[in-house]
**Student:** 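I have a structure here, written as C-alpha cells, and I will follow up with some questions on it.
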Amino acid sequence: KLSDYTNRLLKGEAVQYIIGNVDFYGYEFKVNSNTLIPRFETELLVEKSVNYINNFFEDRVSILDIGTGSGCIAIALNKLVNSMVTAVDISNDALDVAKENNVINNTDVNFIVSDVFSNVNDKYDVIISNPPYISYDEDIMDVVYNNEPHMALYADDNGLYFYDKILNECRKYLNDRFLIAFEIGYKQGNDILNIINKYFDNVNISLEKDYSGRDRFI
C-alpha cells in the first residue's frame with residue numbers, strides 16, 4: 001500500500017485524494033476527485049460566519065450552502081450553530097460524497113441537486129457560498145489543475161459569474177433579516193462590491209482578509 005501511495009504521489013496526485021480524507025474544522029471529511037479539497041481559508045469563512053450568526057440571530061437559523069462540494073461548509077455549520085441547513089450542488093457525484101460525510105459526521109443536512117437556485121424553493125436566513133471563482137486565464141498550481149474538478153474551480157466573467165448570479169437572484173430566497181457570506185479570490189473584492197451595490201442598497205458590507213492579509217471574504 002505504501003508503494004502504491006508513493007507512486008501515486010510521484011505521478012502528481014493530491015495527497016488528500018490518496019489518503020481519502022481531510023480534516024476540516026476538526027471534523028473528518030471524505031474527499032475524492034469529484035470534490036474540491038477544503039482549504040484553511042474556507043475554515044476561516046466558517047468561523048467568521050458562525051460569529052456573525054451568533055451575533056445577529058437569536059433563534060434557530062436556516063442556511064443555504066451553494067456549491068457544497070464535499071459538504072464541509074454545510075456540515076461544519078450544522079455542527080457549530082443551531083441550524084437547519086440545505087446544501088446544493090450541480091454535481092451528483094459531489095453530492096454522493098457530501099451525503100457520506102453527512103453520515104460520517106452525524107449531521108442532518110439536506111442535499112439537493114441544483115444549478116444555484118434552480119431547485120431551491122424555500123427562504124433562508126443565511127446564504128453562504130465558496131463558488132468557483134478562478135478566471136480561465138489564471139495560472140494555478142499543477143497539483144490543483146491536474147487533480148481537482150475544473151467545474152468547481154473556474155468561472156466565466158473573470159471568475160465573477162457565480163457572484164453575479166447569486167446576488168442577482170437571491171432576494172426571493174432570503175428572509176427579511178439575512179446574512180450572505182462569500183469566499184472570494186483575493187483580487188476580486190472591489191469587483192464583487194460593485195456587484196453587490198448593483199443589486200442591493202441599504203445593506204452592511206464587510207470585506208475581510210484571510211490569514212495572509214489578503215481580501216478573501218465578503
Side-chain angles (χ1 to χ4, degrees), residues 1 5 8-9 13-89 91 93-112 124-133 141 143-144 147-149 152-153 179-186 206 208-218:
K1 180 178 283 189
Y5 285 178
R8 291 167 65 185
L9 192 64
E13 187 173 350
V15 65
Q16 293 90 341
Y17 292 156
I18 297 172
I19 296 170
N21 63 73
V22 64
D23 179 277
F24 180 86
Y25 218 95
Y27 309 116
E28 182 179 307
F29 287 86
K30 177 180 177 180
V31 291
N32 63 29
S33 59
N34 296 305
T35 67
L36 284 186
I37 298 166
R39 266 64 168 187
F40 294 121
E41 292 87 353
T42 308
E43 287 185 315
L44 188 52
L45 172 68
V46 169
E47 180 180 321
K48 287 176 174 290
S49 298
V50 167
N51 289 337
Y52 276 105
I53 290 168
N54 288 336
N55 285 334
F56 291 100
F57 297 94
E58 295 180 357
D59 301 317
R60 194 180 192 193
V61 292
S62 53
I63 300 172
L64 177 66
D65 175 28
I66 297 175
T68 194
S70 65
C72 61
I73 292 174
I75 289 168
L77 287 175
N78 196 220
K79 285 272 196 184
L80 295 165
V81 295
N82 183 14
S83 57
M84 298 172 288
V85 184
T86 298
V88 302
D89 203 290
S91 168
D93 291 332
L95 287 177
D96 286 342
V97 176
K99 290 172 184 177
E100 287 188 57
N101 287 325
N102 201 33
V103 174
I104 290 168
N105 286 283
N106 193 31
T107 43
D108 189 26
V109 177
N110 178 36
F111 293 98
I112 300 173
Y124 299 89
D125 302 309
V126 178
I127 291 177
I128 188 168
S129 185
N130 176 23
Y133 59 68
M141 292 184 296
V143 69
V144 176
N147 284 274
E148 301 189 57
L153 292 169
L179 168 69
I180 300 172
F182 289 130
E183 182 175 325
I184 67 170
Y186 72 94
S206 180
E208 303 186 12
K209 298 186 183 300
D210 62 18
Y211 295 118
S212 299
R214 292 175 164 180
D215 291 341
R216 187 66 66 182
F217 314 103
I218 293 182

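None of these values were measured; they are calculated from a predicted model. Only heavy atoms go into these numbers, but all of them, side chains included; no hydrogens, no water, no symmetry mates.
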**Student:** Angle class for the Phe29/Tyr27 ring planes (parallel below 30°, perpendicular above 60°, tilted otherwise)?
**Tutor:** perpendicular

**Student:** Could you state the interatomic distance from CG (Asn78) to CG (Asn110), rounded to the nearest 0.5 Å?
**Tutor:** 10.5 Å

**Student:** Check side-chain contact (heavy atoms from CB on, under 4.5 Å) between Asp215 and all other residues, then give those that pass, not counting sequence neighbours.
**Tutor:** Leu207, Lys209

**Student:** State, yes or no, whether a side-chain contact exists between Phe57 and Val81 at a heavy-atom distance under 4.5 Å.
**Tutor:** no

**Student:** Which atoms form the tightest heavy-atom contact between Leu80 and Tyr25, and what is the distance?
**Tutor:** CD1-CE2, 3.4 Å

**Student:** Once salt bridge (charged side-chain N to carboxylate O under 4.0 Å, His left out) is applied, what residue pairs with a partner in residues 44-56 remain, sequence neighbours excluded?
**Tutor:** Lys48-Glu208

**Student:** Within this structure, what is the OG-CD1 distance for the pair Ser83 and Ile63, rounded to the nearest 0.5 Å?
**Tutor:** 4.0 Å

**Student:** Enter the distance from Asn32:CG to Asp93:CG here, rounded to the nearest 0.5 Å.
**Tutor:** 8.0 Å

**Student:** Should we say atom CG of Asn55 is surrounded by more than 12 heavy atoms from elsewhere, each under 6.0 Å from it?
**Tutor:** yes

**Student:** From Glu13 CD over to Ser33 OG, what is the distance, rounded to the nearest 0.5 angstrom?
**Tutor:** 8.0 Å

**Student:** Table please: side-chain donor-acceptor pairs of residues 65-75 below 3.5 Å, with sequence neighbours left out.
**Tutor:**
{"unit_1": "Asp65", "atom_1": "OD2", "unit_2": "Thr68", "atom_2": "OG1", "d": "2.7"}

**Student:** To the nearest 0.5 Å, what is the distance between OH on Tyr124 and CE on Met84?
**Tutor:** 9.5 Å

**Student:** Any side-chain heavy atom of Leu44 within less than 4.5 Å of one from Arg216?
**Tutor:** no

**Student:** Work out which heavy atom in Glu183 is nearest to a heavy atom in Thr42; give both atom names and the distance.
**Tutor:** OE1-OG1, 2.7 Å

**Student:** Scan Thr107, Val61, Ile128, Val109 and name whichever one has a side-chain contact (heavy atoms from CB on, under 4.5 Å) with Leu77.
**Tutor:** Ile128

**Student:** Determine whether more than 12 heavy atoms belonging to other residues, nucleotides or ligands lie under 6.0 Å from atom CG of Asp108.
**Tutor:** no

**Student:** Can you tell me if Ser49 uses its side chain to pair, donor with acceptor, with the backbone of Leu45 under 3.5 Å?
**Tutor:** yes

**Student:** For a quick test of reading the model, state the closest non-hydrogen atom pair linking Phe40 to Tyr211 and the distance between them.
**Tutor:** O-CE1, 4.1 Å

**Student:** For Phe111 and Lys99, work out which heavy atoms get closest and say how close.
**Tutor:** CD1-CG, 3.9 Å

**Student:** Among all residues two or more places apart in sequence or in another chain, which pass the side-chain contact (heavy atoms from CB on, under 4.5 Å) test with Asn82?
**Tutor:** Arg60

**Student:** Using modelled atom types only, decide if a donor and an acceptor are shared between the side chain of Asp125 and the backbone of Leu179 within a distance under 3.5 Å.
**Tutor:** no

**Student:** Partners of Asn101 by side-chain hydrogen bond (donor to acceptor under 3.5 Å, both in side chains), sequence neighbours excluded?
**Tutor:** none

**Student:** Could you work out, with side-chain contact (heavy atoms from CB on, under 4.5 Å) as the rule, every residue matching Glu100, not counting sequence neighbours?
**Tutor:** Lys30

**Student:** Quick one: CG on Asp89 to CG on Leu95, what's the gap to the nearest 0.5 Å?
**Tutor:** 5.0 Å

**Student:** Tell me the closest heavy-atom pair linking Ile18 and Leu9, and the distance in Å.
**Tutor:** CD1-N, 3.6 Å

**Student:** Between Val126 and Tyr52, does the side-chain contact (heavy atoms from CB on, under 4.5 Å) criterion hold? Intermediate values first, please.
**Tutor:** CA-CA 10 Å; Val126 178; Tyr52 276 105; over 6 Å; no

